[in-house]
Amino acid sequence: MAEPPNRTAVDDSRGRNSSGHQFATNNTDWIWYTELTPEDIVIYTLMLLTSLAGLAGNSLVLWFLGFQIKRNPFTVYILHLAGADFSFLLWQATLSAISVGPPISLEYEDLHTVIGLVKYTSYTSGLGLLTAISAERCLSVLFPIWYRCSRPKHLSAVVCSLIWTLSILVNVLDRFFCNFSLYISFTDCFKTNVAIATLIFLICVLMGLSSLKLLVQVRSRSRCHPPAKLYWVILITVLVYFTCGLPMGIYWYLLFWFKDWKMSYFHAITELLSCVNSFTNPIIYVLVGTHWKRRFREPLRARFQRAFRLEPELEGEAEETPTTYTMELLA
């Protein structure tokens, strides 16, 4: 893989190049070209294929949760999470296609800046939304009476709006201090990145504690009766995020500043893992919601419905015929 280039104001979407991209410029035109090794090409090709598959999966989630399934407080979060994953994969697929394709002339620097802004806004929004899902489910376990009787009706929509707004603000500030000015102070850029990395760390701690509480709840309930499948959706999604999604945030906002040639390999791997994270979420929903005795003839809509139920599935419901179950969903 190419040796990491120097941090200059014309490199990448944050005044830097972390993936082998280089720019040649005159006064008006930008040429984006890459010097990629065979290993780079393999990684970017895998990113592209994973992103395209993930776009298809998240499109299904958006369709079913947006138009086919009655919403509950958690499907609102899942719907926004699918939107964040879709946006992240769309721009990652675009960047991957550009990386492995022929040189492209970019008339304006702002185009690449906007791509990076939207991509990382989607990434941080996904982190916030997943934390909100885990935290709210934890609150519903700790304070069940309040949750059933006093929870604000539109809390999910308000929280999602705040998360998107905060993510946009954070990433706009990051681009402002690290890219928009050609005479930027890299000390200010570094301080901004450390602040964002600290925020991500605190959010991850909250998500981890909430998920740990859910895990304890699942273990205790499983002794008496199976917990709602939504518990498993949340726990598996959080586990996959910590494994595949978090490393890119750690690199992008913190480890990038350590000048080590091995970091270039790490960055490419973390981007691929983030694509895997966003690609995996729809698969988790389908697998958790599948009734394995009729897995070959059950519609996707029924699987999504079962995966996002707030209450555990009763034994009698589990034995319903596919026709009866589908008719209930359509009711």
Looking only at heavy atoms, which two atoms of [X] and [Y] are closest? And how far apart?
X      : Y      : result
Leu48  : Ala93  : CD1-O, 3.5 Å
Val159 : Ala132 : CG1-CB, 3.9 Å
Val172 : Leu117 : N-CD1, 3.8 Å
Leu79  : Gly66  : CD1-N, 4.0 Å
Pro282 : Ser278 : CD-O, 3.5 Å
Leu62  : Gly83  : CD2-N, 3.7 Å

[X] side chain near [Y] side chain, heavy-atom distance below 4.5 Å:
X      : Y      : answer
Lys119 : Gln92  : yes
Val118 : Ser87  : yes
Arg306 : Val288 : no
Leu139 : Arg151 : no
Leu89  : Cys275 : yes
Tyr77  : Cys160 : yes
Leu52  : Leu55  : yes
Ile69  : Arg301 : yes

Are [X] and [Y] joined in one hydrophobic group, where the rule is that I, L, V, M, F, W and Y side chains link up if heavy atoms are under 4.5 Å apart?
X      : Y      : value
Val276 : Leu90  : no
Phe242 : Ile133 : yes
Leu60  : Val76  : no
Ile145 : Tyr147 : no
Leu246 : Ile236 : yes

How far does [atom1] of [X] sit from [atom2] of [Y], to the nearest 0.5 angstrom?
X      : Y      : atom1 : atom2 : result
Lys229 : Thr290 : NZ    : OG1   : 8.5 Å
Ile196 : Ser167 : CD1   : OG    : 10.5 Å
Leu300 : Trp63  : CG    : CH2   : 13.0 Å
Ile284 : Phe279 : CD1   : CZ    : 10.5 Å
Ile203 : Leu130 : CD1   : CG    : 11.0 Å
Ile234 : Ile78  : CD1   : CD1   : 7.0 Å

Self-check item: Pair Phe308-Arg71, side-chain contact (heavy atoms from CB on, under 4.5 Å): steps then yes or no
Solution: CA-CA 9 Å; Phe308 301 132; Arg71 297 181 191 176; over 6 Å; no

Is it the case that the side chains of [Y] and [X] hold a donor-acceptor pair, with the cut-off being a distance below 3.5 Å and no angle test?
X      : Y      : value
Tyr44  : Glu271 : no
Ser211 : Ser134 : yes
Asn58  : Asn281 : no

Self-check item: Derivation and outcome, side-chain contact (heavy atoms from CB on, under 4.5 Å), residues Leu169 and Thr165
Solution: CA-CA 6 Å; Leu169 177 62; Thr165 301; 5.6 Å; no

Quiz item: Within 45 degrees of the axis of the six-membered ring of Tyr285 and under 6.0 Å from its centre: does Arg303 put its NZ or CZ there?
Solution: no

Exercise. Indicate the ring-plane relationship of Trp164 and His80, choosing parallel, tilted or perpendicular according to the 30° and 60° boundaries.
Key: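 Answer is tilted, since the angle falls between 30° and 60°.
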
Practice problem: Please name all residues satisfying salt bridge (Lys or Arg N to Asp or Glu O under 4.0 Å) with Lys213, sequence neighbours left out, ordered by chain then number. | Solution: none

Quiz item: Does the gap between the ring centers of Phe88 and Tyr120 come in under 6.0 Å?
Solution: no

When you measure from the side chain of [X] to the backbone N and O of [Y], does any donor-acceptor pair fall under 3.5 Å?
X      : Y      : value
Thr75  : Asn72  : yes
Ser140 : Arg137 : yes
Thr50  : Met47  : no
Tyr123 : Gly245 : yes
Asp174 : Val170 : no

Quiz item: So which residues get pulled into Val205's cluster when ILVMFWY side chains under 4.5 Å apart are joined, directly or through others?
Solution: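 Members besides Val205, by chain and number: Phe201, Leu202, Leu209.
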
Quiz item: What residues, two or more places apart in sequence or in another chain, satisfy ring pair (Phe, Tyr, Trp, His ring centres under 6.0 Å) together with Phe304?
Solution: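 Ring pair (Phe, Tyr, Trp, His ring centres under 6.0 Å) check on Phe304 returns Phe64.
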
